[in-house]
Asks: 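Starting off with a structure, shown below.
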Amino acid sequence: MAKPKAYVQKDMCLACGGCISICPQDALLWISSKAEVNTVLCNSCSLCVKTCPIGAITWEGQ
Amino acid sequence: MKYDVVVVGSGPAGSVTARFAAEAGAKVLIIERRAEVGVPVLCGEGIGQKVDAFHVLEGTRWIASKMDGARIFSPNGTKVTLAAEYAGSETGYVVYRDIFDQELARGAVKKGARLMLNTRAVGLLKKNGKIAGVQALHLNKTIDIEADVVVGADGVESRIGKWAGIQTTLKPHDLETCAQYTLANVDGTSPYCDFYLGKQIAPGGYVWVFPKGKDTVNVGIGVLASLSDSGKALRLLDKFIASHAELKSGQPLRLLSGADPVAEPIESIRDHLLLVGDAARHVDPITGGGLMLSIEGGKLAGETIGRAVEQQRFDQQFLSEYETKWKGAFGKKLHRNYVVKETLLDMEDKTLDMLADSLKDYKFEEFSTFSLIKALVTKHPSLLVKLTPLMKLARA
Ligand SMILES: Cc1cc2nc3c(=O)[nH]c(=O)nc-3n(C[C@H](O)[C@H](O)[C@H](O)COP(=O)(O)OP(=O)(O)OC[C@H]3O[C@@H](n4cnc5c(N)ncnc54)[C@H](O)[C@@H]3O)c2cc1C
């Protein structure tokens, strides 16, 4: 089974851009002033999940 | 739309660059993706009083309080007090960062720069293979902004540099992930900016408590991303507040998250392009402080751009004047502090406690390398070995 992709819970995102600065795949983008994961580019490395200071990034399907 | 210069980002670095470029006669446009300059505030809001020397801020509306110095608390609570002049470029004023940024932007506009909000750069314009401006989304409409010079003042997440082929992605080891509250209903009148260190408190970073006068403080945490996991920064900050009697009664007026590069500077120029501020990683790797460097570097960038426009020279070679100047002004210091950061990261809490114990009565006003080393090793000879990398640095 494919690994789950990172997922931004939009109502928790405080838009600091930490995930965007750290994603080695450039898979995080601003959409309507919140971070969003491009699931095609995401390789499930978990860096953004670990980096988010308030825990707004989890895994798809969770 | 055709300008001499388009500055992407209206933070301190962008506004100050725009100000000095406009003052030198360049036609400048600043674009900002947010709907209000300086909002949301992602900052500890501390800056040294040396900022006055740049004459880029009018009046005092941006100042929340003036600080006498800093107090650093080691993991076991040992306190080292530093007068403001020894406490680095984050201690002096605690500011209202939103007003601070707006005052800097107002200064740029007063010198003739134009400012567009709700305008996000989404790519570089190229003409004959050369950078010729930016493409931007303005209220969901795509617009082309032509300019001879593009300034990437787009902060920690900088895309401009990346689009120009500069490696900007931060390693987890070089990023502090931050959470921050503005708390009311606490004592905000202390004359000290406080810093708390320790692996249990803030792995690879620190907690800061900066008084904003009356009954308000700015309290925040930075955790090194390589030592972080989901939501850790906020969890540890909440724990810190709950375990400190003087903060426990506080109620949050504001909660923010943030990201702060603690990396070495990167390349800052290409043909037709410059990077300033956080985008160029002009941040003190020890403290994560970048306000002063944004202003200092922004001024140098603006002045170089002014000359470039005057002489119609936009090649990398001409713009390298900027890189030479910022390296002269603070390049060495950033490199040195990066090495210090690495050394501090390797230190056990116990070592930090010994350091603090050696320094707690040290008279920094009588500073000399010799007296400092003596103070360090008299009490705790084993520190000598732990500090060898720093001694080497001091000799280099
Ligand atoms: C939590 C935290 C606490 C800090 N505390 C301190 C402190 O106490 N003292 C200190 O000196 N420094 C502190 N810093 C560092 C300081 O905030 C930065 O160094 C400083 O903001 C850098 O200024 P800048 O202008 O380079 O970037 P920023 O202030 O980040 O400005 C960048 C601007 O560019 C805009 N932008 C980004 N991308 C685009 C785009 N594509 N199109 C249009 N606009 C765009 C953004 O919206 C933003 O307004 C702290 C940082 C954090 C995260």
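Atoms considered below: every heavy atom in the structure, side chains included; atoms not considered: hydrogens, waters and symmetry mates. Small disclaimer: the values here were computed from a predicted structure and weren't measured. Reminder, nothing fancy here: chain letters follow the sequence lines and each chain counts from 1.
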Asks: Give the interface residues of residues 220-233 of chain B toward chain A, defined by a heavy-atom separation under 4.5 Å.
Replies: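 So the qualifying residues are B/A225, B/S228, B/D229, B/S230, B/G231, B/K232, B/A233.
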Asks: If we only count heavy atoms from C-beta on, is the B/P172 to A/I22 side-chain gap below 4.5 Å?
Replies: yes
Asks: Taking side chain as everything from C-beta outward and backbone as N, CA, C, O, which of these in A/S33 sits under 4.5 Å from a heavy atom of chain B? Side chain, backbone, both or neither.
Replies: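 Nothing of A/S33, per the 4.5 Å heavy-atom cut-off to chain B.
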Asks: The criterion is side-chain contact (heavy atoms from CB on, under 4.5 Å); which residues satisfy it with A/A35, sequence neighbours excluded?
Replies: A/V8, A/C13, A/C19, A/L28
Asks: Tell me, please, which residues at least two apart from B/N218 pass side-chain hydrogen bond (donor to acceptor under 3.5 Å, both in side chains).
Replies: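 side-chain hydrogen bond (donor to acceptor under 3.5 Å, both in side chains) list for B/N218, sorted by chain: B/E45, B/Q180, B/W208.
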Asks: Looking at B/K171, I'd like to know if its NZ atom is crowded, meaning that more than 12 non-hydrogen atoms belonging to other residues, nucleotides or ligands lie closer than 6.0 Å.
Replies: no
Asks: Quick check for you: to the nearest 0.5 Å, what is the distance between A/W30 atom CH2 and B/R33 atom CZ?
Replies: 4.5 Å
Asks: Pick one of side chain, backbone, both or neither for A/L47, based on which atoms fall under 4.5 Å of a heavy atom in chain B.
Replies: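 For A/L47, the contact with chain B is made by the side chain alone.
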Asks: Report the distance from atom CG of B/N140 to atom OG of A/S32, rounding to the nearest 0.5 Å.
Replies: 7.5 Å
Asks: With a 6.0 Å cut-off (strictly less than), is the heavy-atom count around NZ of A/K10, excluding the residue itself, greater than 12?
Replies: yes
Asks: Mind checking whether B/T177 and A/K50 have side chains closer than 4.5 Å, heavy atoms only?
Replies: no
Asks: Restricting to side-chain contact (heavy atoms from CB on, under 4.5 Å), what partner residues turn up for B/I286, sequence neighbours left out?
Replies: B/D284, B/N337, B/V340, B/L344
Asks: Give, for atom CD1 of A/I20 and atom CG of B/L170, the distance between the pair rounded to the nearest 0.5 Å.
Replies: 12.5 Å
Asks: Could you pull out the closest heavy-atom pair between B/L175 and A/G18, with the gap in Å?
Replies: CD2-O, 4.0 Å
Asks: Side chain from CB out, backbone as N, CA, C, O: work out which of these in B/R34 comes under 4.5 Å of a heavy atom of chain A, or both, or neither.
Replies: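 Neither; nothing under 4.5 Å.
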Asks: With rounding to the nearest 0.5 Å, note down the distance linking CD1 in A/I54 to CG in B/L237.
Replies: 12.0 Å
Asks: Under a 4.5 Å heavy-atom cutoff, which of B/A179, B/S158, B/G258 has the most pairs with chain A?
Replies: B/G258
Asks: NZ/B/K162 to OG/A/S21 distance, rounded to the nearest 0.5 angstrom?
Replies: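 The NZ atom of B/K162 sits 9.0 Å away from the OG atom of A/S21.
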